[in-house]
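Notes for the one structure printed next.
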Number of protein chains: 2
Amino acid sequence: MHRPDIRPAMPAERISMDVKTVCLGMLTDGPASGYDMKKCFESSFGHFFPAGYGSIYPALAALARSGLVEFEKILQEGKPDRKVYSITEKGREELIRGLSNSDPSHKIRSEFLATLWFAHLMSEEHINTVIDGKLEEIEKFLHVIDQFPDCECDSAQKGALFVAGFGKHMASEFRKYIHNNRDMLTDEDEEQAVLAAVAQ
Amino acid sequence: MHRPDIRPAMPAERISMDVKTVCLGMLTDGPASGYDMKKCFESSFGHFFPAGYGSIYPALAALARSGLVEFEKILQEGKPDRKVYSITEKGREELIRGLSNSDPSHKIRSEFLATLWFAHLMSEEHINTVIDGKLEEIEKFLHVIDQFPDCECDSAQKGALFVAGFGKHMASEFRKYIHNNRDMLTDEDEEQAVLAAVAQ
DNA sequence: ATGCATACTATCAATCCGATATATTAAAGC
DNA sequence: GCTTTAATATATCGGATTGATAGTATGCAT
């Protein structure tokens, strides 16, 4: 009725493994441009932590403002100038802080599963299209990851191998589950099964 | 040099399985309030498609504006009024459209993996904290999903069972991979490797 | 010669996320 | 009895992320 001094929170600068922190981490392998980093996201990092230009460039700008990275403009003939970023000592400290969170998240956002949840509203044909498309995608991914390591951004040896192995394992289990269970979405006797389940 | 009629995109109203579409889907099981839907996200949907109040309420408002849902204000004694939403015929059509995307995404955003990628910059103790924390989380999730189905929002039988089974399978494979491979992050010879790298 | 790929930069609107605010009641703890 | 916590409900706000687009230049293929 008369608000007693509400102030806007000030979230205490949460320790988080965000795009900024990942960029700092990448720079521990040596200087790189935003473009280089995007490629690294595409080839390896992005499989479990995606980021596009719209996140990378603002992240680098913010890091530079806080003095966690420095950059050097390199003029090139023909091509646009490169801004080559390197991590500072302060940046290294901040990276360690970013890694210190004891409960980092692991989130899935799956339009695929959300769609199939409503399989009863879809034609059998379309269900198959969706599933076959996803299987193809997984196949491609497994092919890519099989010839890992192949990217330059890996001082990370141990960690990179662990993460790549994880990706490979989960992708092949993804495939396995779909192979073994896709029938339950398209089986003829679905009507019966459902009725039976309700009946008893 | 003079651009031949570039027009500002008009994104053609992308077909997407977003929060709005999921809310429409939930409403096919009967009318519900935003609060009800949040609970449904927490209990089941959120495991593969998270959404909080900050997404749900704006989504419902937008759906109402477009005439895809209607709502009725229900006055209650003691408690605040409920706004109970129901799907319209137009909304059902839009839902079907939302389900018609042939290539729905399945994305992972894992601070967990991003952190462990840099395991070589972390203490063995902290690596173990992070991993044990995640294992505990998985254990809880498996416990929850074992007593599925238990939520009210499931006309979806087939789809819900498929998705729940998927979650269960992937979670237990997650656990298995960590059990079998966590040693590679904390093995003794890491120190040597790191020292050697620094020394030269 | 025209379009397409590659190499670089960068921005914008739409959306989403996490935290917070407001209000009331009921149960649970001290 | 008093107080804290949980549950029922609504809603908003800043900050971050997404996906698409824009701009500029070279070289390659059709």
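Each chain gets a letter, A, B and so on, in the order its sequence line appears, and its residues count up from 1. The structure displayed is predicted, hence computed values, not measured ones.
- A:I56 places its CD1 atom 16 Å from the P atom of D:dA16, with the value rounded to the nearest Å.
- Of the candidates C:dA7, D:dT10, C:dA10, C:dA10 carries the atom nearest the A:K83 side chain, counting heavy atoms from C-beta on.
- When the P atom of C:dG18 is taken as reference, atom CG of A:D103 falls 12 Å away, rounded to whole Å.
- For the salt bridge (Lys or Arg N to Asp or Glu O under 4.0 Å) condition, no pair includes a residue of residues 50-68 of chain A, sequence neighbours left out.
- Applying the side chain to side chain donor-acceptor pair (under 3.5 Å) test to B:H47 and every residue at least two apart in sequence or in another chain returns nothing.
- Counting only residues at least two apart or on different chains, the salt bridge (Lys or Arg N to Asp or Glu O under 4.0 Å) pairs with a member in residues 166-182 of chain A are A:D132-A:R182, A:E139-A:R175, A:D146-A:K168, A:E173-A:K176.
- Within 4.0 Å (heavy atoms only), B:K38 reaches no atom of the nucleic acid at all.
- Atom C1' of nucleotide C:dT6 and atom CG of A:D36 are separated by 13 Å, given to the nearest angstrom.
- Residues in residues 40-54 of chain A take part in these salt bridge (Lys or Arg N to Asp or Glu O under 4.0 Å) pairs, two or more places apart or across chains: A:K38-A:E42.
- Taking the ring pair (Phe, Tyr, Trp, His ring centres under 6.0 Å) definition, one finds that A:F48 meets it with A:F45, B:W117, sequence neighbours left out.
- Residues satisfying the salt bridge (charged side-chain N to carboxylate O under 4.0 Å, His left out) test with A:R82, not counting sequence neighbours, are A:D36.
- Note: CE (A:M17) to C1' (C:dC17) measures 19 Å, nearest angstrom.
- One finds a side-chain N or O of A:K107 lying less than 4.0 angstrom from the OP1 or OP2 phosphate oxygen of C:dG18.
- Legend: residues meeting salt bridge (charged side-chain N to carboxylate O under 4.0 Å, His left out) with B:E137, ordered by chain and number and at least two apart, are B:K134.
- For the helix from C:dA1-D:dT30 to C:dC30-D:dG1, the rotation axes defined at the first and last 5 base pairs enclose an angle of 30°, given to the nearest 10°.
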Please list, for nucleotides 14-16 of chain C, all pairs of protein and nucleotide N/O atoms separated by less than 3.5 Å.
none

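- A sub-4.0 Å separation between OP1 or OP2 of D:dA11 and a side-chain N or O of B:Y53 is absent.
- Between B:E93 and B:K90, no side-chain nitrogen of the basic residue sits less than 4.0 Å from a carboxylate oxygen of the acidic one, so the salt-bridge criterion is not met.
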